[in-house]
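The block underneath contains the structure these notes are about, expressed in structure tokens.
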Amino acid sequence: MSTTTAIEGIDETQASLPGRPPMNVILEWLTTVDHKKIGLMYIGYALIFLLVAGAQAMVMRIQLAVPNNHFVSPQVFNRLFTMHGTTMVFFVGMPILFGFGNYLVPLMIGARDMAFPRLNAFSFWISAFAGLMLYFSYFGANGLSGAGSAPDVGWFAYAPLTARVFSPGHSTDYWTLAIFLSGVGSIGTALNIVTTTICMRCKGMKMTRMPLLVWLYLVMSSLVFVTISPLTAAQIMLTLDRYLGSHFFDTQAGGSAVLWMHFFWIFGHPEVYVLVLPAFAFVNEIVPVFSRKAIFGYPAMVAASVGIGFISLSVWAHHMFTVGMGAGANTFFVFATMVISVPTGIKIFNWLATIWGGKVIFASPMMFCVGFLFQFLIAGLTGIMLSAAPFDWQLGNSYFVVAHFHYVLVGAILFAIFAAFYYWYPKITGRMMSEKLARWHFWLFIIGFHLTFDFMHIPGLLGMPRRIYTYEAGRGWGTLNMIVGIGAVFQAAGLLVFVYNLVRSYYKGKEAGHDPWDAWTLEWSTPSPPPDYNFAIPPSVKSRRPLWDLKHPEDPDADYE
Amino acid sequence: MGIAWSHTYAAFGGRDLTGRWGVTALSFFAREGKSKIRSRCLRVAQGVTFAAGCSLLFAGAAYAQSPTNMFDPAATPAHSIFDLSMLVLGITLAIFLIVGGMLLYALIRFRQRPEDSSREPAQIYGSTQIELSWTVIPVLIVVMLFLTTTRVIMGTQGISKPDSTMDVTVIGHQFWWEYRYPKLGIVTANELHIPVSNPKSPLPTYLTMSSADVDHSFWVPRLAGKTDLIPNRVNTMWIDPPDAGLYLGQCAQYCGTQHAKMLLRVYAQSPADFAVWVSQQKKPAQTDFSGNPTAAEGQTVFMHNACINCHTISGTISNGRFGPDLTHLASRDTLASGAIPNNVENLRKWINEPDSIKPGSLMPPMHLNDHDLNAVTAYLAQLR
Amino acid sequence: MMRDASTIPIDAGAIGEPAETPWTLPYRGTVGMACLILAEAAIFIIFVVAYIYYIGKSLSGPTPAQVLELPIFGTVCLLSSSLTVHFAVSALRKGKMRQCTLQLAATVLLGSIFLVTTAREWYHLIHDEGLTIQTNLFGTTYYSLVGLHATHVVVGLTMLSLVLGCSLFGLVKEEHSEKLEVLSLYWHFVDAVWVVVFLVVYVLGR
């Protein structure tokens, strides 16, 4: 094959030569603008923070395992839940999802890199700096009055608790600044993803032929622009209040605490959709491959995703049902929130229909997707319970809500992320992860997950509010909290097995080849790992599954869509 | 060129089983064949235990012996929420069983078996009919749920205030509750006394709520849903327990270090008992301690210390508003907003070192010597 | 052999087919700038919402009607600068370097005049009327909104001055017209925001 031999020569890059001095390697990673390396840095960075925030959760669960416990002081506990939430959302969730997006989007659309490689690198480094700054607050936040340490105002930092008078020192400012900078990074990456998707698709890849992952990242990134900005604006206002004496949220001067809530949740609700849409993206790619069937209802999936993006901008005040907005406003937000369950349900049904009539292979990516499907279903249903405002008047701000959103964040999103790891690890490293260790990971983690988060719903129903460092005996919460804590141990164990698997497989995993899963999207046509330039010759496609067309020339997708 | 293409595609993992990667791919999964049956059993087991667990969950919640169980309503708002919640739970449970059941079925029925041919299954890209039906049905469910929910919202928030009510103004503080009864001229703290409301001649208690500092939330699950107390804003809610008793709750909006110990105690009393309580609370504080020299001395110590800047004791010069009203402190069951039982020992400990009980509370240690401490404690313990 | 066959051109069925319609996608710079404008617009909207929410809610201090005057001159200058930058772009597209430089200079000048009028207005408000960001809710929302806008004007003027400087040194060529258009999009956005601020603060709010 003369064509192959001639092209082979291009594959030899500096990076593939053996025995490079470590300093060269480090410098290369520090100065890279390659989307794959930046994506991996995002992912690695997020994994480290996952372990840190997970440890914070462990400490909280120990403190809450029995009533009237004294494992940590209330001040430490309040910092723990603030840092845990802030870290998980901004320094685990966002980076890891942007990392996967960075890596996969150009490959899936047949491009060589992102639209703005240097902006890409800048976005990563400013986000990384922001995370370090947040944790620097443990040391540096003392301020003139000696007060302050890590922020302790809760991850949503309600005013006026965040005013100078109630939060002296600089801890709140570290929260504000760290998230502000991470927001700048997020907007940069989102800008890159949108521009890349619109302007750099390979020949023949019309918008209607893009993989669903690319669609979902497009919607997610578009959402980022109108989601992060309100938070940025609110944080500017908060900082002006704290340092220039303005009165945005100063209730003594006629300012409104509710205004902060509106601004925060106009960010906060679409933010959770920003986090969940990439999870959908991963499932959209993995479930068809392991059911050996095309995704059912591609146009409906696209429409549902775009619909979810739009509707998510209108539901924010369901976080504020207890604030006293009045019957009219409450009713509107009940309606909008219930409506969003329709496109979400459509997605679940489409996944079900994809599996139906297929040939399901329970390899590690699929196991985690199955966990995702059941758990996301349940999370959505508890969400519907919360959307009924009167029910929310009881359930809101209780452990029921904590259980619900962890069901989405851990049960759905984290499971989808695990699936994505197992699915794309062979492409990224050229080696397979150990299926045996994967099963240990899966079963340990899922048992722990259900022990913790199934049982966590009950204290909420029994009146346990969130963000309390301890509780009275005799409320019926003690045993349940103990079970919740035990589940956390299982999850920690599963996570450690996972990290071990990641590291071990890099050195000892079986060679993967181009396409170990027999998949259909463009990234599986490159070597594993892909060379720096991704594609020697930019591909040209005629359908949604270009590799299916090649593998089934007698029955190409192009005939059907 | 065409031949080159088929070689190429086979070479990187296509359907062609003789292709190098094709064998690798298939054999990889074939190796898993032995665990297929185990996998199926595990999957079913997972589903079944899960369903069982869920039912236990809610059964447990319903029957748990908890004084703050929202499924044990004791007033009209809590009752209407309970009724709505049963409907919502029923619908969501049904959806879970149907969709989850179908998912489980699909995963078992359509799993890959070792004896399967290597042919790919039929590729189905969509079906307008099916997709339409599973859009329309959820929309109908949503509409139904929405209308039911709206009815409850209107019935709780949307009704106008009746003529005969017990009015209480609730002001949230870091980390205690201030209660003022404007029509009765009473001010108290941390323990809310209300009359029961006879369904035949209702007397609901209307709470008008705001905050003196940061956001708080009033949540007594057995009586009603929670409503937030927000500075510079007035919210209202109402409760009407027909049965006398003590109803527990706590602050449900993070308000700072001691948010966890800002507990709520609502005493619903029969009309007779309530009248007794009211008449007692209306009296000014006892100032004559002729039979109790320690208490008398304590009163002097109190009035000459910074205590008077934060606390009110009616009928004396002490008229601070930052801390709770102490006029009838000894009539309360607990101290520090429910944190500890009200007895002399605890009272002494609280005055001496509040951080030992509620670290981060805003009462500073008063640095009294033992003698003065005993005196003040004796004085306050007399304020019934 | 692991790293064997390199990326294989995926071109199923395209061989031997007649040439299809050319595959053109939008210019990256325009799409990127549109995204940035969307994000910035969202930030401004929040500040505008805060302004509107707090109209009439100040507990004390001067009201808009008492102290604000319509900034007609500054507004005219700023809006005209949109026109001049548009001429600069079309001049560059046609290769008329001198015209482009002149129009850019006019844009920078007009924008700077706007900033000066804002500065003078603020001086008057602070020194003569005693209105600062701390005074009341009006002061808070006014200075933050107008200030945020002015910051964006400064950024825009910096970029425009850079391009002006480059064009004075003859470094700007016809092939850069797309890039200049992207910058002009930002400038148009800044002007559009001013239209909104003008209407909300000086017309509606008074």
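Convention: sequence-line order gives letters A, B, ...; per-chain numbering from 1.
Listed here is the closest heavy atom pair of Pro74(A) and Gln258(B): CG-NE2, 3.8 Å. The two residues Asn78(A) and Gly256(B) come nearest to each other via the heavy atoms ND2-O, 3.8 Å. Glu131(B) and Gly297(A) make their closest contact through OE2-CA, 3.8 Å (heavy atoms, listed as atom of the first residue, atom of the second, distance). For Trp219(B) against Gly460(A), the heavy-atom pair with the smallest separation is CH2-O, 3.9 Å. Of all non-hydrogen atoms in Ser66(B) and Arg475(A), the two that sit nearest each other are OG-O, 2.7 Å. Considering all non-hydrogen atoms of both residues, Pro121(B) and Lys293(A) come closest at CG-CG, 4.0 Å.
Heavy-atom distances place both the backbone and the side chain of Thr227(B) under 4.5 Å from chain A. Only the side chain of Leu263(B) comes within contact range of chain A, judged by heavy atoms closer than 4.5 Å. At a 4.5 Å heavy-atom cutoff, the contact between Ile355(A) and chain B is made by backbone and side-chain atoms alike. Contacts of Met261(A) with chain B are made by side-chain atoms alone, with heavy-atom separations under 4.5 Å and no backbone atom involved. For Trp351(A), no part sits under 4.5 Å from any heavy atom of chain B, backbone or side chain. For Thr128(B), no part lies near chain A; criterion is any non-hydrogen pair under 4.5 Å. Contact of Phe77(A) with chain B is not made at all, since no heavy-atom distance falls under 4.5 Å. Interface residue Ala252(B): backbone and side-chain heavy atoms are both found under 4.5 Å from chain A.
At least one side-chain heavy atom of Val342(A) sits less than 4.5 Å from a side-chain heavy atom of Val142(B). When side chains are defined from C-beta on, Ser341(A) does not count as touching Pro138(B), because their heavy atoms never get closer than 4.5 Å. Within the 4.5 Å cutoff, the side chain of Pro160(A) has heavy atoms near those of the Asp215(B) side chain. Between Pro299(A) and Tyr125(B) there is no side-chain heavy-atom pair separated by less than 4.5 Å. By the 4.5 Å heavy-atom criterion applied to side chains, Ile230(B) and Thr251(A) are not counted as neighbours. Leu462(A) is not listed as a side-chain neighbour of Met70(B), based on a closest heavy-atom distance of 4.5 Å or more. Two residues are said to be in side-chain contact when any heavy atoms from C-beta on lie closer than 4.5 Å; Trp134(B) and Asn350(A) meet this criterion. The side-chain heavy atoms of Pro390(A) and Thr149(B), taken from C-beta on, include a pair separated by under 4.5 Å.
Your options are Thr156(B), Thr135(B), Asp213(B), and the one with the most heavy-atom pairs under 4.5 Å with chain A is Asp213(B). Heavy-atom pairs under 4.5 Å with chain B were tallied for Val323(A), Ile346(A), Thr331(A), Leu161(A); the largest tally goes to Val323(A). With chain A as the partner, the residue from Met102(B), Gln250(B), Arg222(B), Met154(B) showing the most heavy-atom pairs under 4.5 Å is Gln250(B). Here Phe81(A) is the residue among Phe81(A), Tyr471(A), Phe321(A) with the most heavy-atom pairs under 4.5 Å with chain B. Considering only heavy-atom pairs separated by less than 4.5 Å from chain A, the leading option among Leu103(B), Val220(B), Val88(B) is Leu103(B). Of the listed residues (Trp477(A), Tyr158(A), Trp356(A)), the one with the most heavy-atom contacts under 4.5 Å to chain B is Trp356(A). Chain A forms the most heavy-atom pairs under 4.5 Å with one residue out of Arg109(B), Gln157(B), Met237(B), and that residue is Gln157(B).
The CD atom of Glu472(A) sits 8.5 Å away from the CG atom of Leu248(B) when rounded to the nearest 0.5 Å. Taking CG from Leu352(A) and CG from Leu104(B), the interatomic distance works out to 11.0 Å, rounded to the nearest 0.5 Å. Going from atom CD1 of Ile95(B) over to atom CD1 of Ile378(A) covers 13.0 Å, rounded to the nearest 0.5 Å. Residue Asn330(A) holds its CG atom at 5.5 Å from CD1 of Ile153(B), rounded to the nearest 0.5 Å. Note that CZ of Phe296(A) and CD1 of Ile124(B) are 7.5 Å apart. Values are rounded to the nearest 0.5 Å. Taking CZ of Phe349(A) as the reference point, atom CD1 of Ile137(B) lies at 8.0 Å (rounded to 0.5 Å).
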Test side-chain contact (heavy atoms from CB on, under 4.5 Å) on Trp548(A) and Gln123(B) and set out the steps.
CA-CA 11 Å; Trp548(A) 171 278; Gln123(B) 302 294 302; 3.4 Å; yes
Working for side-chain contact (heavy atoms from CB on, under 4.5 Å), residues Lys261(B) and Thr470(A):
CA-CA 8 Å; Lys261(B) 292 206 173 166; Thr470(A) 189; 4.0 Å; yes
Please step through side-chain contact (heavy atoms from CB on, under 4.5 Å) for the pair Ile468(A) and His259(B), ending with a clear verdict.
CA-CA 7 Å; Ile468(A) 53 175; His259(B) 162 66; 3.7 Å; yes
Residues Val334(A), Thr150(B); criterion side-chain contact (heavy atoms from CB on, under 4.5 Å); working and verdict:
CA-CA 8 Å; Val334(A) 168; Thr150(B) 307; 5.7 Å; no
Applying side-chain hydrogen bond (donor to acceptor under 3.5 Å, both in side chains), run through Gln253(B) and Arg466(A) and close with a yes or a no.
CA-CA 8 Å; Gln253(B) 181 65 269; Arg466(A) 56 190 291 197; over 6 Å; no
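Judged by distance alone, the side chain of Lys359(A) and the main-chain N or O of Arg119(B) form a donor-acceptor pair under 3.5 Å. Although no hydrogens or angles enter the test, the distance criterion places no donor-acceptor pair under 3.5 Å between the side chain of Thr257(B) and the main chain of Gln75(A). Side chain of Arg233(B) to backbone of Gly324(A): a donor-acceptor contact under 3.5 angstrom is found.
Note: Phe82(B) and Trp393(A) fail the aromatic proximity criterion, with ring centroids not under 6.0 Å apart. Taking the six-membered ring for Trp, Phe156(A) and Tyr254(B) have ring centres at least 6.0 Å apart.
The environment of Phe146(B) atom CZ is dense: over 12 non-hydrogen atoms of other residues, nucleotides or ligands sit within 6.0 angstrom.
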